[in-house]
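Model, not experiment: these values are computed from the prediction. Letters A, B, ... mirror the listed sequences (proteins, then strands); counts begin at 1.
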Protein chains: 2
Amino acid sequence: MPTIKDVSKLAGVSVATVSRYLNKNGYVSQQAADAIAEVIDKLNYKPNNIARSLAGMKTATIALMVPDILNPFFPEVARATEDAANAYDYTLILCNTDNNPEKEQKYIETLIHKQVDGIIISSYTIKPEQLEHLQKRKIPVILMDNHLSGSSIVSLMSNNFNGGKLATEHLQNQGCRKIAHICGPIHITSSRERTNGYEVIAKQLDSFTPSLIAYSDFTVKGGYRAMQELIQKHPDLDGVFASNDLMAAGAIKALQEANLSVPTDVKVIGFDGIQMEMMSPEISTVAQPIYEIGKTAVDTLVKLINGDPIETYTQTFEVELQVKQSTSIQSK
Amino acid sequence: MPTIKDVSKLAGVSVATVSRYLNKNGYVSQQAADAIAEVIDKLNYKPNNIARSLAGMKTATIALMVPDILNPFFPEVARATEDAANAYDYTLILCNTDNNPEKEQKYIETLIHKQVDGIIISSYTIKPEQLEHLQKRKIPVILMDNHLSGSSIVSLMSNNFNGGKLATEHLQNQGCRKIAHICGPIHITSSRERTNGYEVIAKQLDSFTPSLIAYSDFTVKGGYRAMQELIQKHPDLDGVFASNDLMAAGAIKALQEANLSVPTDVKVIGFDGIQMEMMSPEISTVAQPIYEIGKTAVDTLVKLINGDPIETYTQTFEVELQVKQSTSIQSK
DNA sequence: ATGAAAGCGCTAACAA
DNA sequence: TTGTTAGCGCTTTCAT
């Protein structure tokens, strides 16, 4: 493979000039530039990333830490992030943390040593100390779908509170009078906010009672079990807001097994807006602009990497109600 | 961050000795080793990967090319691969090719320049020339779920033919007399094999006719449309083998909309064994050992990277019939 | 068994 | 505007 030296020789200039040309900093005469361009083209020369990195430059690599790519929410995040990274000619390293602090710590160490240019974290168990560790190493970080109060870390979140309200209101508008809620892990900020949104609306209904809220864990199975519990306690419920789509799917399964028809007997709405077209009925949801969030995460990260100023450290994205079969009003 | 120089000074030896110690090649006296170990520990020294790579060593990075991580089959592949890579202290770069030859080509160029140690390709449009390009650059490659005949590339595949037979036989055993098939893209080897398996069994039935095979594309929507077509042509069919789980899900949706009950009226089986617990009924499938394939891919890739001999260039993995609700025999 | 020194390909002072 | 040169941190001959 040709090196910068080969280029400089053939172009009749010094390596420094080629380097300046490559990095578009410093002065390079038109004449030299032309000569260099021609040689580069002829040799099909590409700068060696590794050498560049060693000489103190960037690695053109960023990392994405997710709990588990098997959870259907995260492929969407990964795809959005990878696409955006790609547009900047960055390469994306994928890390599954399983929300395991030790794995997280190990990945962080590895990423520091690989000198990744930045990290996007979409893992819920990350600790402030770990972020400080990264800050000390001057590695920019973006938090997705999470927020650590008090820290000066950029964090991107959907308007979960509003989404919770939206979902609950929608059920109400579709004629539901007794609306239950399957909430996600309470230690996750975004999850809590969705539940807060639900409560604000649901408490306006006479039917409200705290036992209408079932605590679960963002999984299909969890949603399934929570729904069984709710049916037991409140056989007359007619609407369910699950804090994510997976739990909504689990809930529908439990309802169908209990011979309750969705949406005729009970209407169900989820949250996230992940691809679940295989479901029947298709699930209404409050969709997060995942793709946009992913893109913004990368855009912002790149700014941080380049030392450009960023406008705001906390960004909130609006969510969108998507009405599908699971909450539609049936014509008899 | 401490460098090898710091270590050598504190340990009272030369950098060469430390390097030898680190790489466990060449001679190092016990005495020197002890001293070095102690200093490394005290300084929490970690070799700089980038410098190592520049000096001609490996990058400890491998890449995984998939069509699209949004297709639920590939997160499973990605997870298996990442876990296995991690166990070797390799880092995994994720690439979404969209089965787009230009994107593929661009990624390959990038990966060569990043000097990844190896590449696992699970993308169907890859061309022999591209693989040769990589071989020329001495970058080991493994093909997953794909095979290019005539080339000396390691390829790992499930026993798709057997799986196709297994699925069709199972439907037969469950009492199906007229078994339709939704097949995947015919240019994909593994897809073709599944269909071959179906044909061998289905042709033994009197009911067989070529129009029982509908051509589709591995997507939910494709399976849905194919099923609608099949219902039209063969209202009396009582079993369907779809070449992947997504199409099976689409088929079930179409059947339900046509007021045909699954499994009572029509039994449906898919292929792949991806996580679809949210479905109701849950889908019977022929499961590929995806995790094992991913692990084997990395194991083999690492051997190639290290120049170790490998036993066989083509490996076939057995599949497993998983019976769920969608093909169960209903007690009345 | 060990160390000195020459790279690996590139960037960035600094001098010209 | 350009070239010379000293690193970046590590590996690896080649002497010793």
Subject >> Sequence-distant partners of A:Ala16, side-chain contact (heavy atoms from CB on, under 4.5 Å), two or more places apart >> reply: A:Ser14, A:Arg20

**OP:** Please list, in 5' to 3' order, the outermost nucleotides of DNA chain C lying under 4.0 Å from any heavy atom of chain B.
**Re:** C:dA1 to C:dG9

Original post:
Does a donor on one side chain and an acceptor on the other come within less than 3.5 Å for A:Glu104 and A:Ser123?
Top reply: yes

Subject >> Inter-axis angle, terminal five-pair segments of the helix from C:dA1-D:dT16 to C:dA16-D:dT1 [nearest 10°] >> reply: 40°

**OP:** Taking atom types as modelled, find out whether B:Tyr291 and B:Asp83 have a side-chain donor-acceptor pair closer than 3.5 angstrom.
**Re:** yes

Subject >> Criterion side chain to side chain contact (heavy atoms under 4.5 Å, CB included) against A:Thr81, the qualifying member of A:Ile290, A:Val298, A:Val66 >> reply: A:Val298

Original post:
Between the side chain of B:Asp6 and the main-chain N/O of B:Thr3, is any donor-acceptor distance below 3.5 Å?
Top reply: yes

**OP:** Using only heavy-atom distances, determine whether the side chains of A:His133 and A:Glu109 contain a donor-acceptor pair under 3.5 Å.
**Re:** yes

**OP:** Verify the distance criterion only: is there a donor paired with an acceptor across the side chains of A:His147 and A:Thr189 at less than 3.5 Å?
**Re:** no

**OP:** Only counting residues at least two apart or in another chain, list the ones meeting side-chain contact (heavy atoms from CB on, under 4.5 Å) with B:Glu38.
**Re:** none

Original post:
Using a distance-only test with no angle check, is there a side-chain donor-acceptor pair under 3.5 angstrom linking A:Thr59 and B:Lys114?
Top reply: no

Original post:
Base, backbone or nothing for each nucleotide of nucleotides 7-16 of chain D, written B, S, -, heavy atoms under 4.0 angstrom, 5' to 3'?
Top reply: BBBBBB----

Original post:
Taking only residues two or more places apart in sequence or in another chain, which ones pass side-chain hydrogen bond (donor to acceptor under 3.5 Å, both in side chains) with B:Gln275?
Top reply: none

